[in-house]
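Values reported hereafter were calculated over all heavy atoms of this structure, with side chains retained and with hydrogens, waters and symmetry mates removed.
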Amino acid sequence: MRENITLACTECKQRNYETSKNKKTNSERIELNKYCKFCRKHTVHKETK
């Protein structure tokens with residue numbers, strides 16, 4: 001049931017991280033605070049298609 005997803009920075013729109021999530025337990029899109037190497041700071045990363 002786990003599905004691979006890509007996380008994109010909300011400030012620079014770069015796709016920085018790939019992870020997986022369980023579609024049964026988390027049906028909504030994930031938002032995580034991660035480090036962006038392009039912005040050189042911690043920003044909110046949202047799930048993209």
Side-chain angles (χ1 to χ4, degrees):
M1 249 1 244
R2 295 192 74 80
E3 184 174 298
N4 292 331
I5 58 169
T6 305
L7 299 176
C9 178
T10 54
E11 291 188 19
C12 67
K13 309 294 190 233
Q14 291 284 333
R15 295 178 180 204
N16 299 329
Y17 293 96
E18 288 190 11
T19 186
S20 63
K21 75 171 187 177
N22 190 339
K23 287 287 250 187
K24 276 190 176 177
T25 59
N26 297 339
S27 59
E28 66 276 349
R29 291 186 179 235
I30 294 178
E31 289 185 9
L32 296 172
N33 199 21
K34 304 282 272 179
Y35 181 78
C36 178
K37 63 182 179 182
F38 301 100
C39 298
R40 295 191 191 137
K41 58 184 175 181
H42 283 84
T43 59
V44 176
H45 283 66
K46 290 187 179 180
E47 176 184 340
T48 60
K49 291 188 176 184

For Lys21, all residues meeting side-chain hydrogen bond (donor to acceptor under 3.5 Å, both in side chains), sequence neighbours excluded
Glu47

Find the distance between OG1 (Thr48) and CD1 (Ile30) and round it off to the nearest 0.5 Å.
11.0 Å

Partners passing side chain to side chain contact (heavy atoms under 4.5 Å, CB included) against Lys37 (at least two apart in sequence or in another chain)
Tyr35

Say you draw a straight line from CG of Asn16 to OG1 of Thr43; how long is it, rounded to the nearest 0.5 Å?
7.0 Å

Per the salt bridge (charged side-chain N to carboxylate O under 4.0 Å, His left out) rule, what does the pair list look like for residues 24-36, sequence neighbours excluded?
Glu31-Lys46

With sequence neighbours left out, write down each residue that passes side-chain hydrogen bond (donor to acceptor under 3.5 Å, both in side chains) with Arg40, or none if nothing qualifies.
none

Strictly by side chain to side chain donor-acceptor pair (under 3.5 Å), give each pair with a member in residues 1-12 just once, sequence neighbours left out.
Arg2-Ser20, Glu11-Lys41

Which residues pass the ring-ring contact (aromatic ring centres under 6.0 Å, His included) test with Phe38, not counting sequence neighbours?
none

Connected via hydrophobic side-chain network under 4.5 Å: Val44 and Leu7:
no

